[in-house]
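In what follows, a single structure is set out as structure tokens and then discussed.
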Amino acid sequence: MLPLVLAACGGDSVPGNAVVKIGSDPIKTSEFDHWLQVAATTQQQQTGVTGKATIPQPPDFTACIANKKKTATKPAKGQPTPTDATYKAQCQQEYGALRDQVMQFLISSAWIEGESADRGVKVADNDVKKDFDKQRQQSFPKDNDYTAFLKSSGYVQEDLLYRIKIQDLSQKLRTKVLEGSDKVTDAQITNYYNKNKIRFAVPEQRDLKIVLTKTEAQAKKARAAIDSGQSFKTVAAKYSVDQATKDNGGVLTGVPKGQQEKSLDAATFKAPINKVEGPVKTQFGYYVFEVTKITPGKQQPLSTSKASIKQLLVSQQQQTKLDTFVKDFQKKWKDKTKCQKGYQTTDCSNPPKATPSTAAPATTATPQQNAPPASGGTATTPKK
């Protein structure tokens, strides 16, 4: 079974046996129905229920409503019994979510195939098969497990091969789009460094001894004890409420400017070395402190910053290129995509009219990623 059945047809209308036409190529309703069953079954399995899933059937949803009434729990005392209209709304929402998920997968896959053809990007069938064999072995070391998976999920092997093909095309497209974006000149690096020197500056750092108390009175007692000759270690153990430092003598090392509470930061970075200061009032309490070491700030030279700047600039260039491509890619292919009534999503050039009951729109996959419908595994590996 081919995941997409492409047939030439004339005019702009969608053929009656298709759910969407992309350019001149329709995707048949039979293919949509197949993937819808796979999506519904996979979704059902994720809830712990096995067997083939029953899909809500529009427009009346008669069987879905009947099943919900049959399996519904009795309402709590004082609570109303759900009406058929309530159950129908639930069925419509469930079907809409599945429909949009499958349409998103089929449309975005066709877009990726179309863009790949336009750009001369190809993947060989034998490479796809190699990827498939590797992933199958990882997920299903035993053939019986793989056979059971196919039987329970509704997938056929060609579906899984197709998913791998789309993923491989996506990756190759991304590589094609980013060609040349890894080139950065020395002039660009130097210019960035000169405009952003502050980012490469190592700030001044200070080593401190601190005692934090809840009240000013306690802080004054702590300072008096230090001034009388008692060590910070002794005083911190007795008076400090700072659990991080009270047991190590109140020591804080390598504190850069701007890291501490504002009042404490201002006091410590204007204080002279080896002199007890405080109490300093902060939102956490009162500090008594001493600066024991000052490490001057320094500027990281361009020579040691070059590699990180290049990496940053390459990343920025690639993101800009990708953003531009994705915008153009989505507009190009959306304009070519016309959906059958009842199968319209936000990926269509004729999207549905927005209403409060409209199901959440699908997020169109691009050559950066392509997600299969209702799959609990990766984009290429079936979930056991």
Side-chain angles (χ1 to χ4, degrees), residues 184 186-320 322-323 360 363:
V184 176
D186 287 343
Q188 285 177 283
I189 294 173
T190 301
N191 183 56
Y192 183 88
Y193 176 82
N194 288 334
K195 287 183 176 179
N196 298 275
K197 280 191 173 182
I198 191 171
R199 297 188 181 186
F200 304 96
V202 180
E204 176 185 324
Q205 296 181 353
R206 297 196 166 199
D207 291 356
L208 309 173
K209 290 181 181 179
I210 65 167
V211 175
L212 171 63
T213 65
K214 290 185 177 181
T215 66
E216 185 176 15
Q218 288 291 96
K220 288 180 177 180
K221 288 181 180 180
R223 173 156 185 177
I226 295 169
D227 289 342
S228 70
Q230 293 185 43
S231 68
F232 256 90
K233 184 175 182 179
T234 299
V235 175
K238 182 177 181 180
Y239 291 99
S240 186
V241 295
D242 183 49
Q243 299 302 316
T245 61
K246 72 174 296 180
D247 294 329
N248 73 342
V251 174
L252 286 175
T253 59
V255 178
K257 185 170 180 58
Q259 179 175 296
Q260 300 297 312
E261 195 276 341
K262 187 175 181 180
S263 299
L264 179 63
D265 185 75
T268 54
F269 277 86
K270 71 178 182 181
I273 195 169
N274 298 326
K275 181 181 178 184
V276 179
E277 300 281 351
V280 176
K281 183 180 179 180
T282 72
Q283 59 179 315
F284 305 112
Y286 294 82
Y287 282 91
V288 175
F289 69 90
E290 179 183 347
V291 177
T292 59
K293 180 182 177 182
I294 298 175
T295 303
K298 61 181 179 180
Q299 183 69 33
Q300 184 177 331
L302 174 60
S303 58
T304 59
S305 308
K306 192 171 183 179
S308 63
I309 294 175
K310 180 178 180 180
Q311 185 179 26
L312 174 64
L313 292 177
V314 167
S315 178
Q316 289 178 344
Q317 288 179 174
Q318 290 182 337
Q319 191 59 54
T320 298
L322 276 177
D323 289 345
T363 302

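This chain uses plain numbering: 1 for the first residue, then up along the sequence. Being a predicted model, the structure only gives us computed values, none of them experimental. Quick note: numbers below take in every heavy atom, side chains included, and nothing from hydrogens, waters or symmetry partners.
E290 is listed as a side-chain neighbour of N274, based on a closest heavy-atom distance under 4.5 Å. Counting only heavy atoms from C-beta outward, the side chains of Q205 and T253 never approach each other to under 4.5 Å. Looking at K257 and D265, their side chains come closer than 4.5 Å, going by heavy atoms from C-beta outward.
Going from atom CG of N191 over to atom CG of D186 covers 12.5 Å, rounded to the nearest 0.5 Å. Atoms CD1 and CD1, on I189 and I309 in that order, are 7.0 Å from each other to the nearest 0.5 Å. One finds the CD atom of Q283 at 11.5 Å from the NZ atom of K262 (value rounded to the nearest 0.5 Å). Rounding to the nearest 0.5 Å places CG of L312 at 10.0 Å from CD of Q317. The distance from the CD atom of Q300 to the OG atom of S308 is 6.5 Å, given to the nearest 0.5 Å. Taking CD of Q319 as the start and CG of L322 as the end, the distance is 6.0 Å to the nearest 0.5 Å.
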Under the side-chain contact (heavy atoms from CB on, under 4.5 Å) rule, what do T268 and L208 come out as? Steps first, then yes or no, please. CA-CA 8 Å; T268 54; L208 309 173; 3.9 Å; yes
Go through T304 and F200 one step at a time and tell me if the side-chain contact (heavy atoms from CB on, under 4.5 Å) criterion holds. CA-CA 10 Å; T304 59; F200 304 96; over 6 Å; no
Could you go step by step and tell me if V291 and K275 meet the side-chain contact (heavy atoms from CB on, under 4.5 Å) rule? CA-CA 7 Å; V291 177; K275 181 181 178 184; over 6 Å; no
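The nearest pair of heavy atoms linking P272 to E277 is CD-OE2, 3.6 Å. When all heavy atoms are compared, the tightest approach of Y193 to S305 is CE1-OG, 4.0 Å. The minimum heavy-atom distance linking G254 with P256 is given by the pair O-CD, 3.2 Å. Between Q230 and T234, the shortest heavy-atom distance links the atoms OE1-CG2, 3.8 Å. Scanning all heavy atoms of the two residues, the minimum distance from S263 to T282 falls at CB-CG2, 4.2 Å.
Shown are T213, V280, I226, I210; of these, the side chain to side chain contact (heavy atoms under 4.5 Å, CB included) with V288 is made only by I226.
The backbone N or O of D207 sits less than 3.5 Å from a side-chain atom of T292, completing a donor-acceptor pair. Looking only at distances, no side-chain donor or acceptor of T190 sits under 3.5 Å from a matching main-chain atom of A187. Judged by distance alone, the side chain of S315 and the main-chain N or O of Q311 form no donor-acceptor pair under 3.5 Å. In terms of modelled atom types and a separation under 3.5 Å, the side chain of R223 and the main chain of P279 share no donor-acceptor contact.
Every pair tested for ring pair (Phe, Tyr, Trp, His ring centres under 6.0 Å) that includes a residue from residues 267-309 fails, sequence neighbours excluded, so the list is empty.
Under a cut-off of 6.0 angstrom, the local environment of NZ in K281 is sparse, with at most 12 non-hydrogen atoms contributed by other residues, nucleotides or ligands.
For E204, the salt bridge (charged side-chain N to carboxylate O under 4.0 Å, His left out) criterion is met by R206, not counting sequence neighbours.
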